[in-house]
Amino acid sequence: MRAVIYARYSTDLQSDASIEDQVRVCRERIAAEGGTVGQVYSDHALSGASMMRPGLQALMQEGAAGRFDVVYAEALDRLSRDQEDIAAIYKRLSFAGVRIVTLTEGEIGQLHIGVMGMMNAKYLSDLADKTRRGLRGRIEAGRSGGGNSFGYDVVRKIGANGEADAGERAINPTEATVVRRVFEDYANGLSPRAIAKALNAEGLPGPSGKGWGASTVHGNPKRGTGILNNELYVGRLVWNRLRYVKDPETGKRVSRANPESDWVIHDVPELRIIDQDLWDRVKARQDEAKRPTRPDHGGTGFWTAKRPRHLLSGLMTCGVCGGGVIQVGKDYLGCANHRNKGTCDHRKLVRRHRLEEVVLVGLKERLLTPELTEEFCREYVRATNRLCAEKENHSDRARKDLARVEKEIAGIIAAIKAGAFTPSLTEELQRLEVEKERLEQDVEAETATVAPVRMHPGLADVYADKVGRLAESLNAPESKAEAVAILRGLIDGIVLSPAEEGKATEVRLRGDLATLLGFAASEGCSLTLVAGAGFEPATFRL
C-alpha cells in the first residue's frame, strides 16, 4: 500500500507543531496497518475554505498521476471545510483510484462527503457569525476590531484574566505628524500625487511600509479607504463598511460594500488626530473635485467609462521600473512612477506625436520580417485547417447521433402505442428526450457558429498595405475612431527605456502576430495563436 499524508493548520495563531502532531499520529496508523509513507503534503496557516493551497494542489496532481493509493489525514476537515470542495476532492481522487482515510471518520465514502461536508460548511458559517458578533462587541467597547490604521500603535498588555490583550490603540506621534501634514497639504491645494511624491522624496514610509502613492492619499471616499477618508482620525470608529465573500472561481476574497444601516459607529475622542475644521476643509475640497455626471443618468455606463484619449494611451510601460507611462503636459510622455512617486530614475520625456509616428512605421515596416512571416503563416494555416476539420467532424457526429436518438424515440413511442408500456420504457424515453434536446442545441450551435477560415500563406502580403491605409485614416475625422480602435488592437505593448548613450529613448514594440495576420486576412478569424520563439519585438530609437 502506497500511502501519503496530508496535514494542515489554519492561522498564524497556531504553530508548525500542529503539522508535526498530525503527521505523527497518521504515521502510527499507517505503520499499524502495514503501509509505508511515501510523501507528506502540508499547508501552513491556510484556511480550509479554499482549494488554493500549494500542498493540496500538489496532492491532487500526483494523485491523478497514480503516485499513491491512499491519503491519510487526521480528519476530513483538514482536507477542506467547503462542501463543494470536499466533494470535488473525493470525486477526483476516487476517479484516480485513490482512497481517503481519516483517523476520525475512517475510510471516507459518499455518506461522509454528504454529512461531514454539510457539517463543516455549517461550522464555517457559524464561525463567521460568532467572529462578527465578537468583533462587534469590541467595537462597541471602543476597541480594535482587527487590523490597524496608519497613525496608531497597537497596545499589547496582560488582561485581568492573565491572557494577552491587544484590543487597544494609542496615537503614534511620528505617524500622526505625517497624517496632519497630508490633511494640511491637501486642504491647501496640493494634489494627492504631489503629496505622495514629496513624502517619498523625504524617505517617509507609507502605511504599508513602502512608498506612497496618490491612491494611498485619496483612497475611495465611499468605502472609507485612504488617509483622507479615515474617520478614526476625527475620533469616529466606523466598522462593517465592507464585507468579504469568496470568489468560487479563484478562491480569493472579494470586498462588497455594506449599506450604511449595517455600519457600527462608536466615538473614540481619545484617538482624534485631525481637528474638525481641517477635516471639513478636506471634505469640502473632495466634493468640489468630484467629476459631474449627467443628471438623468445613474453614474455608470457610457458617461463614466474612461476611454483612451490618444492612440497609445495605456499601452506603454517604463523599461526601468515596469510602471505605466502617462502624459506629462500637453505633448509629452513620461514614467508615471518618476512623476507621481519619485521612485524611478527614468527622467526622459518623449513627444507623443513623434512616438505615434515611429510606432506606425514599426507596425508597417519592421515588426514582421519575411522569414518570420513565412514560418508563422505555415503554422497558422496548419492550425486553422485542423480546427476546421475537427469542427466539421464534430458537427457530422452530432447530426448522426441526433438521427439515431430520434429513431430510438420513435421506436419506444411505437412500442407504447402497441401496449408494451413499462416503467423502464418511460425512463428510457425520458433519457432519450434529454439527450435529443442536448444534441439539437449542439447542432444549432454548430450551424450558428462561423467555421474557421482556411487561410493561405499569402495573406501577409497585404499586411503592410492595410496598416498604411489605417495610418492615413487617422487623419480623416470620419474614420479616425475606427482606425484608432483597430490599430490599438494590433499592439501588445510598448516599452520605453533610456538608451545607453546620449539622450535617445529606446522603444520596443510588441505585437500579437496572430492578430496582425488575422487583420491582414480578407475575412475574420477567431483563432488566437502565440508567436513562436523566433518572434522578437521591433526595436528603434527616438
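Here, residue 1 is the first one in the sequence, and each next residue gets the next number.
Remark: Asn172 pairs with Asp153 by the side chain to side chain donor-acceptor pair (under 3.5 Å) rule, at least two apart or across chains. Contacts of Glu357 classified as salt bridge (Lys or Arg N to Asp or Glu O under 4.0 Å), with partners at least two apart in sequence or in another chain: Arg354. Evaluation of the salt bridge (Lys or Arg N to Asp or Glu O under 4.0 Å) rule for Arg352 yields Glu356 as partners, not counting sequence neighbours. By the side chain to side chain donor-acceptor pair (under 3.5 Å) test, Arg236 is found to be paired with Glu231, residues two or more places apart in sequence or in another chain being considered. Every side chain to side chain donor-acceptor pair (under 3.5 Å) that Thr102 has, sequence neighbours left out, goes to Glu105. Not counting sequence neighbours, Pro205 has no partner by the side chain to side chain contact (heavy atoms under 4.5 Å, CB included) test. With sequence neighbours excluded, the residues satisfying side chain to side chain donor-acceptor pair (under 3.5 Å) with Arg281 are Asn188. Contacts of Phe150 classified as ring pair (Phe, Tyr, Trp, His ring centres under 6.0 Å), with partners at least two apart in sequence or in another chain: Trp212. Legend: residues meeting side chain to side chain contact (heavy atoms under 4.5 Å, CB included) with Leu93, ordered by chain and number and at least two apart, are Met60, Val71, Ile89, Val98, Ile100. In this structure, the side chain to side chain contact (heavy atoms under 4.5 Å, CB included) partners of Asp275, at least two apart in sequence or on a different chain, are Asp277, Leu278.
Panel note: side chain Thr177, backbone Pro173; a donor-acceptor pair is recorded below 3.5 Å. Tyr186 places no side-chain N or O within donor-acceptor distance of the main-chain N or O of Val217, the cut-off being under 3.5 Å. The backbone N or O of Glu74 lies less than 3.5 Å from a partner atom in the side chain of Thr104, making a donor-acceptor pair.
Side-chain contact between Glu184 and Val182: absent, with no pair of heavy atoms (C-beta onward) separated by less than 4.5 Å.
Between the side chains of Asp43 and Tyr6, at least one donor-acceptor pair of N or O atoms lies under 3.5 Å. Checking Ser149 against Asn230 by side-chain atom types alone, a donor-acceptor pair falls below 3.5 Å.
From Arg53, atom CZ reaches atom CZ of Arg8 across 5.5 Å, with rounding to the nearest 0.5 Å. To the nearest 0.5 Å, atom CZ of residue Arg508 and atom OG of residue Ser497 are 8.0 Å apart. Taking CD1 from Ile171 and CZ from Arg272, the interatomic distance works out to 10.5 Å, rounded to the nearest 0.5 Å. Rounded to the nearest 0.5 Å, atoms OG1 (Thr505) and NZ (Lys348) are 5.0 Å apart. The OH atom of Tyr41 sits 14.5 Å away from atom CD1 of Ile19, with the distance rounded to the nearest 0.5 Å.
Sorted by first and then second residue, the side chain to side chain donor-acceptor pair (under 3.5 Å) pairs involving residues 194-205 (not counting sequence neighbours) are Arg181-Glu202. Under the salt bridge (charged side-chain N to carboxylate O under 4.0 Å, His left out) criterion, no residue pair touches residues 324-346, with sequence neighbours excluded.
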